[in-house]
**Student:** 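I'd like to ask you about the structure that follows.
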Amino acid sequence: MSEWSITELMAVVMAREFRDGEIVVMGAVPALPMAACRLARATHAPRLEFIVGGSGTVSPEPPSLPLGSCGGDLAPAATTLPLPDVVLLEGRGDAFDVFCAGGLQIDAHGNCNLICVGSWDRPKLRGPGTVGLPFLPNTRRSILYTQSHSPRTLVERVDFVSGPGHPAGPDEARPYRKEGPSLVVTPLATFDFSSEGRMRIRTVHPGVRHDEVLAATGFEPAPGPEPGETPPPTDEELAILRSFDPAGILRR
Amino acid sequence: MSEWSITELMAVVMAREFRDGEIVVMGAVPALPMAACRLARATHAPRLEFIVGGSGTVSPEPPSLPLGSCGGDLAPAATTLPLPDVVLLEGRGDAFDVFCAGGLQIDAHGNCNLICVGSWDRPKLRGPGTVGLPFLPNTRRSILYTQSHSPRTLVERVDFVSGPGHPAGPDEARPYRKEGPSLVVTPLATFDFSSEGRMRIRTVHPGVRHDEVLAATGFEPAPGPEPGETPPPTDEELAILRSFDPAGILRR
Amino acid sequence: MRVLEAEAAVAEYYTPGSTLGVGGMQLAAAPMTLVWEVVRRRIPVGRLVTSPSASIQADLLIAAGLVSEILSPYVGFEYLGLAPAYRRAVESGDLRVLEIDEGSLTHALWAGGGGIPFVPAPPGLDLTDIPEVDPEMFRRVTDPFTGEERWAVASLRPDTVFLACAVADEAGNVAFDRFPYTDRLMALAARRVVVQVEELVPAGALSDRAPGATLPAFLVDAVVLAPGGCRPTGFPGRYAPDDEALGAYLAAARDPERLAGYLAEHGGGGER
Amino acid sequence: MRVLEAEAAVAEYYTPGSTLGVGGMQLAAAPMTLVWEVVRRRIPVGRLVTSPSASIQADLLIAAGLVSEILSPYVGFEYLGLAPAYRRAVESGDLRVLEIDEGSLTHALWAGGGGIPFVPAPPGLDLTDIPEVDPEMFRRVTDPFTGEERWAVASLRPDTVFLACAVADEAGNVAFDRFPYTDRLMALAARRVVVQVEELVPAGALSDRAPGATLPAFLVDAVVLAPGGCRPTGFPGRYAPDDEALGAYLAAARDPERLAGYLAEHGGGGER
């Protein structure tokens, strides 16, 4: 087994989650979800398509993973949508299947927050702003990820809902009856959601202990099946991943 | 003085009416207003621009006047707007200066009707539909024209307002405080509007008698200054006009 | 996206009686191959939605007696005159008209593409008689910022739209060559999109096209190869409208006795 | 349209204290030549409106202490981290934030371009805390077709927008080369448009561009020739973001004591 970085593991986990034919949208800093999409296309999901941030490019295959989401290194792509059309279609509710997103905070119900830590009018930390996260419930489902797994990032309740997750509690209907967040990927573990829409540990990454995950998580995960170990990247997955990441963006 | 057709005269009259720098929009069957715009550009209004119907082409200069408003003979133009943008900007109210339009009926206050003659639910004549005429009050002013000057076309009150003109009567504010219809050009005469927004004869075309105009007009024009004769095309105007009408569309 | 024959594409992606949108502006880019397929198979159209200015793609469906109601800002033949079947059907009361203007239709399609339920009308419409006669598309709304009342137009999502585009690549991306008209917008609003194209090119061949000049394959359900398939309308940059053939249609459509013969003759096989 | 120097274009077409829109997405196509002109002359900006994702074109104006309030879905430096001046100004209460998301901003600009007073929000926004904290941009509206209440976003017309485009021809038409982002839409909504370009070409040279890839001259008030003028952001197809220069800005902006020196050094003359 080759050595791999945590980010490579995260990309592999996300790639396995995509289904063939899905249309995926992603925002800023797209290297990780884009790598996951390309890996999925190269393996089990050849008809998956992905739209990269403000560029509007559809399934671009640049020689190296891009750092940014709007640069010239994303062109040419087979087609490109003008950004206002991407935004429009995000509201339509049946144009896109998966939204890949994250946040300064992600809470136990999969709500995301890119706006602020603390109160909105006098924040302890002002985030960049929510961009397209309010559209999260409009794709069939979403996959959340964060490079920072800590009690400050994974919280019981976000200080500001800027990207809606599952409604709290079993009685409310899920928003628009779509699936909502289906997976959360961190450097320590993966999570899915209970029938009540609360995050629970699905797998723990190789070399990480279950109690480390709990200690780094700012809420009590819902009970669920005994978490297994996240299956590490296969040599084939790693070879494919690195074929479009010659600069090693995912290994930094 | 060369011989000229009535349509050529109409084009010359409209051309003289345009001011330099104006942005003109026109719809279906654009040969006449387009000829007028090109003549204006070639004479006193070099910075005038015009947008041709559904093509969205801006000031195209094809070797021959087009019959239709959406065809390939309108390309290339220096730039082209996608039709949804033209439509959007028509609502903005300050993007375009002059709307060139007509109708099955045009009434004494410059209202246009492209929908129906008779009642709407059981029309005697169903017209094609109103297309963009509701935007007439949104350009700074409009120039109306018709190839048919008869009591059926020029009526006291349109059966259906599909393109708004001046409000009837002196007390109402003019819509959106823009100028509204400023000129009506027919095969017999030109009209402008009284301060109360009622059409009045401005000039009578060469060879046409004043009482012929009145007999062909389905309403009593507002009193005004004694109408003069429409100044006929000069040789220079005619030469320019024919330089982009080698097929003689305006002479049919 | 799949490349299909017209018959299969229409059968698979247009549900009889549902709302059908047809692209093409005036006498350009009418998707006649697909429209003839509907005529040939006598598929009823519940509601026909057109671009801001339709011609034979609407009039032919009406002439064939297939359309129950129409939402269109214009059906006519531009420099060739009025639309005979449309005129007759409306004047006789056989065709229900949802009156709409170009602006409201365009904005309604935009809203349909974005999950936006309605759009307040820009100035102009309020001074016409249009919204009063079409309570299905127009209602009064109160502007929550100013308290003013104004007209709103309902959003629009055709169940299926038929478009004619210049080119498709083998992956199913399509490109518009010159004028996108409102055809591209109609595709964003539609639930299903069937595109007839003049030409198929290899995958990747459209990668130099500008963003607003293409539709990605995931917005297109089926592509039908139909060179010349917009005739008798034209396709900008490829062929002009065939005024003689249009005249032949108009003559037939004006005379109900000749119409059946025209439909039988022209609807018998491949596109005209 | 006129070709002007940056100084004249800004002086003539931006009224101090009015609403300024700045184009460019993330680390691409920020109109820095025009923004530096505002910084250099210390022109106050009443309200700053950005594209859905701004970086240094917003943070620099805030760092210079020129901005009273901001309407923006995102100010940050993407893979380089948060926006230091924006963060500090909001956390200290010095900068008023009109909270908005990408969808609402885009639709508000669309509405501004069309004389449409507001747009009902698509699903999603109603499940966030955003509209509650921004009563200036968001109000509740009753859908006249369903009777349902939902959020509406007010339309938006920046008094002036600054954009960076690839090319202008001598007649003042401009073209976007690769990605129009929301820059093109912002121009439709603006009252005045100033465009800095990488290159000037002869009149007529843009006639082969697709409709959605250009702006006609009559929508552009002034063109400023500024090759390399988006630096330290990139211009797609011409140059990449300069991460080192961006890092130098970020280091200065994080430290108020170093900031004055940075502004003096970089604001002294032509664009960086």
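The sequence lines fix the lettering, A, B, ..., with proteins before strands; numbering per chain opens at 1.
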**Student:** Do you know which of D/D208, D/V119, D/D143, D/D177 has the most heavy-atom pairs under 4.5 Å to chain C?
**Tutor:**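 Top count of heavy-atom pairs under 4.5 Å with chain C: D/D143.
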
**Student:** Taking the side chain as every heavy atom from C-beta outward, state whether D/V141 and C/V141 have any pair of such atoms under 4.5 Å apart.
**Tutor:** yes

**Student:** With rounding to the nearest 0.5 Å, note down the distance linking OG1 in D/T146 to CZ in C/R139.
**Tutor:** 9.0 Å

**Student:** Given heavy-atom pairs under 4.5 angstrom as the criterion, report whether the side chain, backbone, both or neither of C/R209 touches chain D.
**Tutor:**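 The answer is neither part of C/R209.
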
**Student:** Identify the two heavy atoms, one from C/P123 and one from D/G115, that lie closest to each other, and give their separation to 0.1 Å.
**Tutor:**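 Closest pair (atom of C/P123, atom of D/G115, distance): CD-O, 3.4 Å.
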
**Student:** Among C/A111, C/P211, C/P135, C/A121, which residue forms the greatest number of heavy-atom pairs with chain D at distances under 4.5 Å?
**Tutor:**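 Among C/A111, C/P211, C/P135, C/A121, the one with the most close pairs to chain D is C/P211.
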
**Student:** Given that the side chain runs from C-beta out, which part of C/E148 has a heavy atom under 4.5 Å from chain D: side chain, backbone, both or neither?
**Tutor:**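 It is neither, since no heavy atom gets under 4.5 Å.
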
**Student:** Is the shortest side-chain heavy-atom distance between D/P117 and C/R150 below 4.5 Å?
**Tutor:** yes

**Student:** List the atom of D/F145, the atom of C/A154, and the distance in Å for their closest heavy-atom pair.
**Tutor:**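 Reported closest heavy-atom pair: CZ-N, 3.5 Å.
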
**Student:** Tell me which of these, C/G212, C/P144, C/A210, has more heavy-atom pairs under 4.5 Å with chain D than the rest.
**Tutor:** C/P144

**Student:** Between atom CD1 of D/I116 and atom CH2 of C/W110, what is the distance when rounded to the nearest 0.5 Å?
**Tutor:**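 D/I116 CD1 to C/W110 CH2: 7.5 Å, rounded to 0.5 Å.
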
